[in-house]
There are 2 protein chains.
Amino acid sequence: MEQKKKTEITKNKILEAAEAEFSALGLAAARVDSIAKSAGVNKQMIYAHFESKEGLYTAVLSRVYGRLSVYQETIAAYTFQGAETVRRIISDYFDFLMENPSFVRLMLWENLNDARYAAGIDTELFVGAERLLREGVERGMLRPTLDVEQTVISMNMFCFSAFSNLHTLSKISGIDLKTPDALRVRREHITELFLKYVFE
Amino acid sequence: MEQKKKTEITKNKILEAAEAEFSALGLAAARVDSIAKSAGVNKQMIYAHFESKEGLYTAVLSRVYGRLSVYQETIAAYTFQGAETVRRIISDYFDFLMENPSFVRLMLWENLNDARYAAGIDTELFVGAERLLREGVERGMLRPTLDVEQTVISMNMFCFSAFSNLHTLSKISGIDLKTPDALRVRREHITELFLKYVFE
DNA sequence: TATAAAAGTAACTGTTTGGTTGCTTTTCGG
DNA sequence: CCGAAAAGCAACCAAACAGTTACTTTTATA
């Protein structure tokens, strides 16, 4: 095999293992040796390709953040069609979070560390949804008093929170919120909540 | 000074310092030496009183969880009075979270560690709010189709999320959500959302 | 096919950290 | 006021860790 391709494979194996380790344990508790071992790669390769533990961490972060672009493109393609569009914004983001658990966890680690490393990464998570809601208001399909800015923030927060504090909340509520079924119920509930809020 | 009192003072100094350290850095990154230093106490005292780093951590956790009881008692004293009660449930919890930032952070650390240490701690965070909403439904003041269980979970999640992912959300939305003013706006917005949802 | 650059490896290092040990000082019941 | 028990302390230790070094193997190209 040619060298360039091999390099890419090694880098990828490292990134994959690092994503698992960092999202599971966070930057502080993650172990470089452990990443090297589970990647099946010599530790030195990590330093050769990523400079340092933190360099590897930011590389993982960019990679995972990058996956948002699929969601963003989906939203960007919509035009406002009433309730159905509100449903879509929520359920698409829900799907994204369900399929990307390491995104959720890395975001949480980052926030606890004052977003030290995520600060440099750009996302336009909000613009799509915001554009759609504004369109809805302008076309008179949503109530004119709607605070679009706050609503979009809420949509984000509420979808995210359905994934982020499941352990303690399950414990406190006595309901296992981690099952796919429970998440479906959550999604429906959140959607209903917003539909009642944005119309009329 | 008598010995017993002195012991209590030392223990308290340790717990105070530990709460700051653990909520700031999490269990993994927290340093026992650093706690001892900022408590103004010899490291060995920590091991004498709390056995291990993890023993100290669970002690901090219990202490901080314990502060919830004030909120619980407040809620327990209410009877359902319509919109005003819904406002109260939300704003009291909001106030609690605003006044107890280390509760928020420790909860987040715990969730990222699969609630390993919080699992043993009991709280009845939900029963008060749930009782009130059921009362509202039974007395015909809230719509009969209301899913009380999901609503209470949402109230909790949404209030909590107003404090939990502020760094990245501020960054993404371009609004500083960490200021007291922004939090007031959030509280109002969330309250409106629920009011629209639970009535009619 | 000769050779230089890059990929890959194992063994090592300096430092940090949770936890311990052996000792001195303070407290308090009788 | 005496003696035991608890409080308090500084120095120490073994393990774990991020990062390095010195060396061998593979690949690309001229």
Side-chain angles (χ1 to χ4, degrees), chain A residues 1-63 106 109-110 112-113 116-117, chain B residues 1-63 106 109-110 112-113 116-117:
Chain A
M1 201 189 308
E2 50 174 311
Q3 239 171 24
K4 280 206 172 169
K5 201 157 196 176
K6 229 170 137 186
T7 306
E8 281 316 301
I9 290 173
T10 302
K11 271 184 154 178
N12 252 309
K13 282 195 292 186
I14 294 172
L15 282 169
E16 211 110 314
E19 183 179 326
E21 177 92 359
F22 284 131
S23 74
L25 304 174
L27 176 59
R31 299 296 161 225
V32 177
D33 289 284
S34 158
I35 292 169
K37 197 180 167 191
S38 71
V41 143
N42 188 278
K43 181 163 68 156
Q44 207 279 331
M45 287 295 95
I46 290 175
Y47 290 93
H49 289 308
F50 299 98
E51 194 108 11
S52 64
K53 186 189 186 183
E54 292 175 16
L56 177 57
Y57 179 71
T58 55
V60 168
L61 230 50
S62 306
R63 196 174 128 105
L106 287 169
W109 290 119
E110 267 306 292
L112 281 168
N113 288 303
R116 221 169 312 188
Y117 299 92
Chain B
M1 203 188 307
E2 50 173 311
Q3 240 171 22
K4 281 206 172 169
K5 201 159 195 177
K6 230 171 137 185
T7 306
E8 281 316 302
I9 291 174
T10 301
K11 270 184 154 179
N12 252 308
K13 283 196 292 186
I14 294 172
L15 283 169
E16 211 110 317
E19 183 179 325
E21 178 92 0
F22 284 131
S23 74
L25 304 175
L27 175 59
R31 298 296 161 227
V32 177
D33 289 282
S34 159
I35 292 170
K37 197 181 166 192
S38 71
V41 143
N42 189 280
K43 180 164 68 156
Q44 207 278 331
M45 288 294 95
I46 290 174
Y47 289 94
H49 289 308
F50 299 99
E51 194 107 13
S52 64
K53 186 188 186 183
E54 292 175 16
L56 176 57
Y57 180 70
T58 56
V60 167
L61 230 50
S62 307
R63 196 173 128 105
L106 287 168
W109 291 119
E110 266 307 291
L112 282 168
N113 288 304
R116 220 168 313 188
Y117 299 93

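Chain A is the first sequence line, chain B the second, and so forth, proteins listed ahead of strands; every chain is numbered from 1.
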Taking all non-hydrogen atoms of both residues into account, name the closest pair between [X] and [Y] and its distance.
| X | Y | result |
| --- | --- | --- |
| A/His49 | A/Ile14 | CD2-CD1, 4.3 Å |
| A/Arg63 | A/Glu19 | NE-OE1, 3.7 Å |
| A/Lys53 | A/Phe22 | O-CZ, 3.9 Å |
| B/Val60 | B/Ala18 | CG2-CB, 3.6 Å |
| A/Ile35 | A/Ala17 | O-CB, 3.7 Å |

Distance col, row B/Glu54:CD vs B/Leu61:CG, nearest 0.5 angstrom, shows 12.0 Å
Round to a whole Å and report the spacing from [atom1] of [X] to [atom2] of [N].
| X | N | atom1 | atom2 | answer |
| --- | --- | --- | --- | --- |
| B/Glu8 | D/dA7 | CD | P | 10 Å |
| A/Lys13 | C/dA7 | NZ | P | 14 Å |
| B/Lys53 | C/dG18 | NZ | P | 4 Å |
| A/Glu51 | D/dG19 | CD | P | 10 Å |
| A/Lys11 | C/dA7 | NZ | C1' | 13 Å |
| A/Ile46 | C/dG8 | CD1 | P | 12 Å |

Distances for protein N/O vs nucleotides 8-12 of chain D N/O pairs under 3.5 angstrom?
{"residue": "D/dC9", "atom": "N4", "partner": "B/Gln44", "partner atom": "OE1", "Å": "3.4"}
{"residue": "D/dA10", "atom": "N7", "partner": "B/Asn42", "partner atom": "ND2", "Å": "3.4"}

Tell me which residues in residues 19-37 of chain A lie within less than 4.0 Å of DNA chain D, going by non-hydrogen atoms.
A/Ala30, A/Arg31, A/Val32, A/Asp33
Taking atom types as modelled and ignoring hydrogens, do the side chains of A/Ser38 and A/Glu21 form a donor-acceptor contact shorter than 3.5 angstrom?
no
Any idea how B/Tyr117 and B/Tyr57 line up, ring-wise: parallel (<30°), tilted (30 to 60°), or perpendicular (>60°)?
perpendicular
